[in-house]
Amino acid sequence: MTQKLPQSVLFCCDHNAVRSPMAEGLMKKFYGTGTYVQSVGVMNDLEIDGFSIAVCQELDVELSRHRSRSFDEMENWGDDLSSFDLIIALSPASQRRALELTRFYHLTVEYWPILDPTGLGETRDAKIAQYRAARDQIKDRLIDRFGPPSRTQN
């Protein structure tokens with residue numbers, strides 16, 4: 001069900017290294033800068049994943065400069081969870097953490113069960129196929145939720 005774009009969206013997953021950066025990058029690419037978009041992880045123990053960078057580059061989405069951060073770091077840097085209109089959790093652990101942190105606010109937390117491609121596939125081609133599948137799940141969910149991309153695609 002297509003809904004109008006919120007003022008601000010926070011995507012979250014386990015490490016802010018694969019799914020949530022992909023979602024952040026795709027959202028910015030598809031819908032422009034009218035919506036403030038950030039991403040965060042339950043933990044920040046990994047750098048941005050090289051396969052995520054590669055599969056997003058195929059759609060002309062640049063992720064190589066992404067810096068992973070956790071919920072705690074986000075709050076330390078002054079990004080208050082209550083300032084987001086919508087939090088979209090892409091993993092069960094991030095959904096639990098978002099609900100725990102937002103129980104004092106009237107915030108919408110949605111859960112999108114997106115495949116975690118890490119550790120799947122034996123060969124590089126098999127791995128990249130899993131990352132493409134996760135990217136495409138995110139892309140499809142974005143379009144289902146917010147409508148066709150408002151920015152022209154190459």
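Position 1 is the first residue of the sequence, and the numbers go up from there.
Between Glu24 and Lys28 there is a salt bridge, since at least one side-chain N of the basic residue sits less than 4.0 Å from a carboxylate O of the acidic one.
Within 6.0 Å of CD in Glu122 there are 12 or fewer heavy atoms belonging to other residues, nucleotides or ligands. Environment of CD in Glu58: crowded, with over 12 heavy atoms of neighbouring residues, nucleotides or ligands closer than 6.0 Å.
Listed by chain and residue number, Asp116 satisfy the side-chain hydrogen bond (donor to acceptor under 3.5 Å, both in side chains) test with Thr118 (two or more places apart in sequence, or in another chain). With sequence neighbours excluded, the residues forming a ring pair (Phe, Tyr, Trp, His ring centres under 6.0 Å) with Tyr131 are Phe51, listed by chain and number. Under the ring pair (Phe, Tyr, Trp, His ring centres under 6.0 Å) criterion, Tyr36 pairs with Phe84, sequence neighbours left out.
The distance from the CD1 atom of Ile88 to the SG atom of Cys13 is 12.5 Å, given to the nearest 0.5 Å. Considering CD1 of Ile114 and CZ of Arg141, their distance stands at 6.0 Å, rounded to 0.5 Å. Distance OG/Ser94 to CZ/Phe11: 11.5 Å, rounded to 0.5 Å. To the nearest 0.5 Å, atoms CG (Leu26) and CD1 (Ile138) are separated by 6.5 Å. Interatomic distance, NZ of Lys139 versus SG of Cys56, reported as 11.0 Å (0.5 Å rounding).
Side chain to side chain, Arg19 and Gln137 fail the donor-acceptor criterion of an N or O pair below 3.5 Å. At a cut-off of 3.5 Å, with distance as the only test, a side-chain donor of Asn16 or His66 sits close to an acceptor on the other residue.
By the rule that hydrophobic residues join a cluster once side-chain heavy atoms approach within less than 4.5 Å of another member, Leu142 and Leu115 end up as members of separate clusters.
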Worksheet entry | Met22 and Val55: CA distance, side-chain angles, deciding distance, side-chain contact (heavy atoms from CB on, under 4.5 Å) verdict | CA-CA 9 Å; Met22 285 200 276; Val55 299; 3.9 Å; yes
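Tyr111 has its side chain out of reach of Leu99: every pair of non-hydrogen atoms, C-beta onward, lies at least 4.5 Å apart.
For the pairing with Cys12, the side-chain contact (heavy atoms from CB on, under 4.5 Å) check across Leu101, Ile87, Val42 returns one residue only, Ile87.
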